[in-house]
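All remarks here apply to the structure that follows.
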Amino acid sequence: QNLEATPKRIAADLALDPDIVLAHMWKYHNEQFVTFNSGGASPDVNTSFFLGPKAWERIAIVNTDAPSSRR
């Protein structure tokens with residue numbers, strides 16, 4: 001949780017294209033769910049971002065390492 005959240009890092013973790021992740025971040029930014037830390041410049045795949053409170057209403061965090069409670 002202490003790593004920078006950048007589209008490039010997220011893409012690597014999820015085996016996705018960084019530009020696709022950046023497009024999603026732009027969408028969330030425009031909907032004000034994330035704030036880019038770009039100093040006024042357009043964000044790129046290396047720009048870190050912060051999730052706003054509304055983002056947590058849209059993002060489901062799933063622990064895939066936890067044992068399933070279903071039988």
Side-chain angles (χ1 to χ4, degrees):
Q1 291 183 4
N2 293 325
L3 298 175
E4 286 185 356
T6 66
K8 190 174 191 177
R9 187 180 298 259
I10 292 168
D13 288 346
L14 300 176
L16 297 172
D17 183 301
D19 291 324
I20 291 173
V21 176
L22 179 59
H24 285 284
M25 294 297 100
W26 260 112
K27 178 183 183 295
Y28 286 143
H29 174 69
N30 291 335
E31 294 174 358
Q32 299 184 9
F33 297 146
V34 302
T35 300
F36 285 102
N37 208 17
S38 62
S42 295
D44 63 23
V45 295
N46 292 310
T47 303
S48 60
F49 65 91
F50 298 99
L51 294 173
K54 280 288 197 181
W56 295 110
E57 295 177 8
R58 302 261 179 159
I59 298 172
I61 298 176
V62 178
N63 183 354
T64 57
D65 294 331
S68 175
S69 60
R70 293 183 182 180
R71 292 184 182 207

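For P18 against P7, the heavy-atom pair with the smallest separation is O-CB, 4.1 Å.
Atom CG of L22 and atom CG of D19 lie 6.5 Å apart (nearest 0.5 Å). In this structure, the separation between CD1 on I10 and NE2 on H24 is 11.0 Å, given to the nearest 0.5 Å.
For the side-chain contact (heavy atoms from CB on, under 4.5 Å) with F49, the qualifying choice from Y28, F36, F33 is F36, the only one to do so.
In the hydrophobic clustering of this structure, L51 groups with M25; members are Ile, Leu, Val, Met, Phe, Trp, Tyr whose side-chain heavy atoms approach within less than 4.5 Å, directly or through other members.
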